[in-house]
Amino acid sequence: AVTTVPDVVPYPDDVVERYLAAGVWGADRLEDLLHHAVARWPERTAVVDGERRWTYAELAAAIERTRGVLAAQGVVPGDAVVLQLPNGADFLAATYALFGLGARPVFALPAHRETELAHLVRGSRARFHLTTVPLAGVGSTALEPAGPEPADVVPAADGGAEDVAFLQLSGGTTGLPKLIPRTHRDYAYSFLRSAELCRVDESTVFLAVLPMSHNFTMSSPGFLAVLSLGGTVVTTTDPSPSAVFDLVARHRVTMVAAVPPLAQLWLDSPAREAADLTSLDVLLVGGARFAQATAERVRPELGCDLQQVYGMAEGLVCYTRREDPYDVVVGSQGRPMSDLDEVRVVDDEDRPLPPGTPGHLLVRGPYTIRGYFAAPGHNAASFTDDGFYRTGDVVRADEAGNLTVVGRGKEQINRGGEKVAPAEVEGLLLVLDAIHDVCVVGVPDDVLGERVEAYVVAHPGRAGELTTPALRRHLRGRVADYKIPERFHLVDHLPGTGVGKVSRRGVAARYFQPADGER
Ligand code: J2J
């Protein structure tokens, strides 16, 4: 007999019962939560995108029309649709339209290119790629405003809150990035609980400046929470200090989410002095470690509260609380948002460690996945037998459970919040005949925390071809720009692991000892 492994690893039945009984999982799908808000606040402003301003009723109408266009294009319930749109009102219309159709958006970043898109399409078995991003050489279906006539009657999805709502691309802890399936009810809990901790209500004006397809912007607490609770989402594609300060002043923005380099850019900007930031209530910073010295500047220089957010698209999100002691707010990444989150800090053999001792963070809970999409092999490595996700992060917990991220056990580069899987970039370089071996590593960077660089061993006599500009050109259009190494170093050989593999740690140790600096 053939045993088939399901694409989505379900939560065990007793666990489902527990989360339902605890009331953390509701019966609403993501589009239902918006519909409740539309019914309650039809005339409130839902979205501001440049000169476009939509009330909740207008957003609902735009979603309805988009749903008709998508249905006319042939999108049916259960379809995976790779969605690659820049921040804006159309992003929201398309996302909710897909939810309403019972189709699954597969969220691509605007920066994604050939490799990531092919991976998303293949991994999700998507039949559509919906984008307005100009992509040289990548076949795509754009959703044109003047598309086919909307279908007259589009049936609503008849699925429930237990369905998979969408897929996101993980940063990857080993090898290539994986697809993350999130259900309506687990995700709704994630952003509604986040909304409580971040004090989101109908008076919230949220500036979505990080990519809206990122888990942080979407759900921590993100535009999904704001639009479920009657607030306003202001969208922008311009993160520059002047543009952001202007939007904050003009729309009386109360909440912004940023990665550390962006927060730093705003803090350091001379434009800050003249800006009217009095409406700002809270700045959320996450995605990468926020230096304490910078965290300490937020309250005095921006005049708002800081909440650190340590989250992951696989699930777990930690926040510092508004009422936490000062040293917790500026010096930790907060604690899990749910009482039902189970976290373990363990040693290399999965044995629990006492508070204060750094170790690998494992997590299980009501909004953390039990497995990647259609990836049984990887799941065996990324999850414990009893369902804990191996975050790949090394953390230290204090007695109160606040976590500080002190390191990483996973093969991932965190470039100021943007995640890079070295193996993906290495694979694209190894197709070049002139390259014998290559190792992509993160090197310390004052602004980004880490930047991407590569160590390359040339085939005899071919080193001359391997210049930084030539190699960067080779990668451009194949992967997101942020993954392209800033520098390529030619070396004679790469340190090995002793079992015939390149040792990334060895490369790091050999070339980046803080004492001898950069070569
Ligand atoms: C140190 N490292 C952090 C932090 C994430 C909210 C906020 C961020 C993400 C995110 C997210 C960190 N300090 N404050 O999904 O909902 C690193 C860890 C983590 C990985 C996850 C959200 N916040 N990190 O960044 O899926 O290494 O999610 O495991 O992109 O980012 O990356 P990602």
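Just so it is clear, the model here is predicted, and its values are computed rather than measured. Both counts, for ligands and for their atoms, begin at 1 and track the order of listing.
The side chain to side chain donor-acceptor pair (under 3.5 Å) test applied to Arg396 returns no partner, not counting sequence neighbours. Applying the side chain to side chain donor-acceptor pair (under 3.5 Å) test to Asn215 and every residue at least two apart in sequence or in another chain returns Tyr187, Ser219.
Residue-level proximity to ligand 1 for Ser170 is absent, since no heavy atom of it falls below 4.0 angstrom. In Lys419, the part holding a heavy atom less than 4.0 Å from any atom of ligand 1 is the side chain.
Between Arg297 and Asp268 there is a salt bridge, since at least one side-chain N of the basic residue sits less than 4.0 Å from a carboxylate O of the acidic one. Taking a cutoff of 4.0 Å between a charged side-chain nitrogen and a carboxylate oxygen, Arg344 and Asp386 qualify as a salt bridge.
The shortest N or O to N or O distance between Lys410 and ligand 1 is under 3.5 Å. In terms of polar-atom proximity, defined here as any N/O pair under 3.5 Å, Gly287 does make such a contact with ligand 1. Below 3.5 Å of separation, one finds an N or O of Ser220 facing an N or O of ligand 1. For ligand 1, one of its N or O atoms has an N or O atom of Asn215 under 3.5 Å away. In terms of N/O distances under 3.5 Å, ligand 1 is approached by Val309.
Looking at Gly449, Gly311, Gly315, Gly286 and measuring to atom 5 (C) of ligand 1, the nearest heavy atom belongs to Gly311. When the options Pro260, Gly407, Ala288 are ranked by their closest heavy atom to atom 2 (N) of ligand 1, first place goes to Ala288. Closest heavy-atom approach to atom 7 (C) of ligand 1 within the set Tyr389, Tyr319, Phe216: this belongs to Phe216.
If you check which protein heavy atom lies closest to atom 26 (O) of ligand 1, you get Ala313 N, 3.0 Å. Protein heavy atom at the shortest distance from atom 27 (O) of ligand 1 is Asp393 OD1, 2.6 Å. Protein heavy atom closest to atom 1 (C) of ligand 1, with residue, atom name and distance, is Arg289 N, 3.2 Å.
Each of the atoms 17 (C) of ligand 1 lies under 4.0 Å from some heavy atom of Asn414. Counting atoms of ligand 1 from 1 in the listed order, those under 4.0 Å from a heavy atom of Gln333 are 4 (C), 13 (N), 14 (N).
Aromatic ring centres of Phe383 and Tyr372 lie closer together than 6.0 Å.
Of the possible polar contacts, one joining the Asp398 side chain to the Ala400 backbone as a donor-acceptor pair under 3.5 Å is found.
Under the 30°/60° scheme for interplanar angles, the aromatic rings of Tyr482 and His112 are found to be tilted.
In summary, the side chains of Thr183 and Tyr11 do not present any donor paired with an acceptor at a separation below 3.5 Å, with no hydrogens or angles considered. Side-chain polar atoms of Asp238 and Ser240 form a donor-acceptor pair below 3.5 angstrom.
Heavy atoms of His214 approach ligand 1 to within less than 4.0 angstrom.
Evaluated for a side chain to side chain contact (heavy atoms under 4.5 Å, CB included) with Ile413, the options Glu450, Glu418, Glu453 yield exactly one hit, Glu450.
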